[in-house]
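Heads up, the thing below is written out as structure tokens.
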2 protein chains.
Amino acid sequence: MKQKSITIYDIAREANVSSATVSRVIAGNYPVSEKTKKKVFDLIEKYDYQPNAVARSLTKKESKMIGVILPDITNPFFAQVFIEAEKYALTKGYTLILCNSMNSSELESKHLRVLSERQVEGIIFMGGRINKTYPEVSEINELKYVIEKIPVILVNGRMETLECPSISTNEAKGIELIIDHLVKQGHTKIGLIGGMTGITTTDIKVEAFRKSLEKHKLAAVNSWQIYSGYDVKRGKEAMEEMLKVNKHNLPTAIIGINDLVVIGALKLCHQKKMNNFSFVGFDDSELTQNSIPEITSVSHPYKELGEKAVDMLIKSKTTDVKAENLFIDPHLVIRESTI
Amino acid sequence: MKQKSITIYDIAREANVSSATVSRVIAGNYPVSEKTKKKVFDLIEKYDYQPNAVARSLTKKESKMIGVILPDITNPFFAQVFIEAEKYALTKGYTLILCNSMNSSELESKHLRVLSERQVEGIIFMGGRINKTYPEVSEINELKYVIEKIPVILVNGRMETLECPSISTNEAKGIELIIDHLVKQGHTKIGLIGGMTGITTTDIKVEAFRKSLEKHKLAAVNSWQIYSGYDVKRGKEAMEEMLKVNKHNLPTAIIGINDLVVIGALKLCHQKKMNNFSFVGFDDSELTQNSIPEITSVSHPYKELGEKAVDMLIKSKTTDVKAENLFIDPHLVIRESTI
DNA sequence: TCTTCGGATGTAACCGGTTTCTATACAATG
DNA sequence: CATTGTATAGAAACCGGTTACATCCGAAGA
């Protein structure tokens, strides 16, 4: 049952001033006599007057809202970035609208439209489907179209078909950190499992994997790098293949493309009673601390990702931010799995 | 760089009709001749005109937005409910605004205020701090104040100090399901770990635990029920105590107040090389499938919780929903840990 | 032929703020 | 004393829609 709330006019009337004056008192950006100021503030307090943000948005043509589109908030990576972004946005007077696309381009388009109609001032876009094989041409166009009207920033994603600013974890650096650590631990035989070719984030990691091995003058055995996918099941499968193919020459340390893949590999090893591998994950999700053993993992610069994304969008209201691609270094969290 | 978008007036001018007509064509709730209809629709398409939701909200006095306040979206329970709520809300033309309170009453108040100013039509409130020992009196007042103006619904929480509709998992039923299952597996010695007295959800579970044991005519050994808390560490501690206190008379099956607690207990058992317990968790979060062994757990009726919450809020716009407290039965997902 | 009725459309007020422009009063300056 | 400047405040337009009310017109009924 709706109920009308009091407006700036109610305050103005009772204070015997005009609405303009009340507005000025609240904004505080214009000289108002101390006497009126007090009168107005007292009334605001008395009635607990709250300005109507919708009306304000309309006149000021700024909604103070930012949209966030991501595949699935259940994924700890996205959740963490979102939380940081939200925390920061709040301090800047912005409100976030979260949209789960569930990896459906249809939903994505729908959300894009809703956000645009709601006059969000910018959109933070995260998701694995953003890569060079980005499949839906129709959707690129939709997104391109939106980008022309609303500032969009990609987090941990690149669209090679689209010019759009982005901010990402320096994943190559992450892989390098892992390998440096493993080498220091005495490993010389290192494998990599999970991911898919063609997906930007995988490609970056695989390339960094090769380069880092080279840096340490270690052999890059082809069969020690196995694509499979991104979830627990895929991790298990990859590990299964690893054991089969390299029966007589197994690596001693294995890097997973993300934490889930490592969980899968760990499960398989547990079943087979093979506890002789060192494992390293990527994302530093909660999983790493809950598994047995706890998993060494690369932690994303969550705070920076969330804050910078919001910041860039706010800035692009006034400045013409060029489509730059920012990278931030991650760090390695060492746990039981590599000791 | 903002950029003015085209308005209903632009369309009206080019179609040689009034804005009212365009509005009617879009709303489709008023007779308009086929000819004008076509003219208008063609122009809408030509310019990809999108109605300004902010302006619409202002006149219609309905924002079509619902606020969601929860402690931490990183928690899979909240995330899951949120996703279901969002999915459903979208089909009803509503947009959700997610606010993480991080269990801080200060943040909670801030969010409450922002949501209220943004004219949300309702608020979904979830969180552990809602219980009879709800600590911040100032905050109750704040919330009570909001409830008077905006419909609020609690999900899996009750505030005894406040009359407010709620929708919850029938957690007592969940405990009953667990014990029925364990008994069927032949267990007669069952323990419960985790949680805190005074927190509604724990109290409900503990009571159901006693009653269900009674139902099966099983002894309720006091030292088999150990409070500790809600996270992995607390689970570990509780299990430690369990082993110490009941050295000579241990239960054979142990229920955790939630999944995390079970993870902790499992870790301890793994360290101590004791693999002889059956474990059951609560929440059916992803954790249960990623751990070794996979954990039997009670699954919340996520879909119903999310949908009903949204539904109730939408309904309360037109009907005066009385403060009823709805309960929905959960179901048990059986996995390796109890086989 | 004159009403009457309903379909189709326009006019204008309104939602609740912000802001430009203008007006007033009073102090300072020449 | 006339002039200029400054602090304060109001009037009114505006943001982009929706809708109550008025109007016009042609068809149907008396």
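Quick note on labels: first sequence line is chain A, next is B, and so on, each numbered from 1.
- Classification of A:Asp48 and B:Arg113 as a salt-bridged pair holds, one side-chain N sitting under 4.0 Å from a carboxylate O.
- The shortest distance between the side-chain N/O atoms of B:Ser23 and the OP1/OP2 oxygens of D:dT19 is not below 4.0 Å.
- Note on A:Ser57: nothing from the nucleic acid sits closer than 4.0 angstrom, heavy atoms only.
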List, with names and distances, any nitrogen or oxygen atoms from the protein found under 3.5 Å away from nitrogen or oxygen atoms belonging to nucleotides 10-14 of chain C.
| unit_1 | atom_1 | unit_2 | atom_2 | d |
| --- | --- | --- | --- | --- |
| C:dG10 | OP2 | B:Ser18 | N | 2.8 |
| C:dG10 | OP2 | B:Ser18 | OG | 3.2 |
| C:dG10 | OP2 | B:Thr21 | OG1 | 2.6 |
| C:dG10 | N7 | B:Arg24 | NH1 | 3.2 |
| C:dG10 | O6 | B:Arg24 | NH2 | 2.5 |

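- We find the OG1-CD1 distance between B:Thr74 and A:Ile83 to be 4.0 Å, quoted to the nearest 0.5 Å.
- Taking atom CG of residue B:Asn29 and atom C1' of nucleotide C:dG7, one finds them 15 Å apart after rounding to whole Å.
- Across the interface with DNA chain C, nearest-nucleotide mapping of B:Ala55 and B:Ser33 shows B:Ser33 to be the residue nearer the 5′ end.
- To the nearest 0.5 Å, the span separating SG on A:Cys99 from CD on B:Glu86 amounts to 6.0 Å.
- To the nearest angstrom, P of D:dG16 lies 14 Å from CD1 of B:Ile26.
- Ion pairing between a basic and an acidic side chain is recognised when a charged N comes within 4.0 Å of a carboxylate O; B:Lys46 and B:Asp42 show no such pairing.
- Atom NZ in A:Lys38 sits roughly 20 Å away from atom C1' in D:dA9 (whole-Å rounding).
- Judged by distance alone, the side chains of B:Ser63 and B:Arg118 never bring a donor and an acceptor atom under 3.5 Å apart.
- Between B:Tyr88 and B:Tyr94, the ring center distance fails the sub-6.0 Å criterion.
- Going from atom CZ of A:Arg13 over to atom C1' of D:dA9 covers 18 Å, rounded to whole Å.
- Summarising the geometry, the separation between CG on A:Asp10 and P on C:dC15 is reported as 11 Å, rounded to the nearest angstrom.
- OP1 or OP2 of D:dG16 has not a single side-chain nitrogen or oxygen of B:Tyr49 nearer than 4.0 Å.
- B:Glu34 has its CD atom 12 Å from the C1' atom of C:dA8, to the nearest Å.
- The side chain of B:Leu58 lies closest to C:dG16, out of C:dG16, C:dG17, D:dT18.
- A straight line from CG of B:Asn52 to P of D:dG17 spans 5 Å, rounded to a whole angstrom.
- Going from atom CD1 of A:Ile8 over to atom P of D:dG10 covers 12 Å, rounded to whole Å.
- Contact annotation: A:Lys61 does not reach the phosphate of D:dC14 (side-chain N/O to OP1 or OP2, under 4.0 Å).
- For A:Thr7, the side-chain atoms get nearest to C:dG17 when compared with the rest of C:dG17, D:dA9, D:dG17.
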When you look at A:Glu307 and A:Lys303, which way does the salt bridge (Lys or Arg N to Asp or Glu O under 4.0 Å) test go after all the steps?
-> CA-CA 6 Å; A:Glu307 295 191 352; A:Lys303 193 173 155 110; 3.6 Å; yes

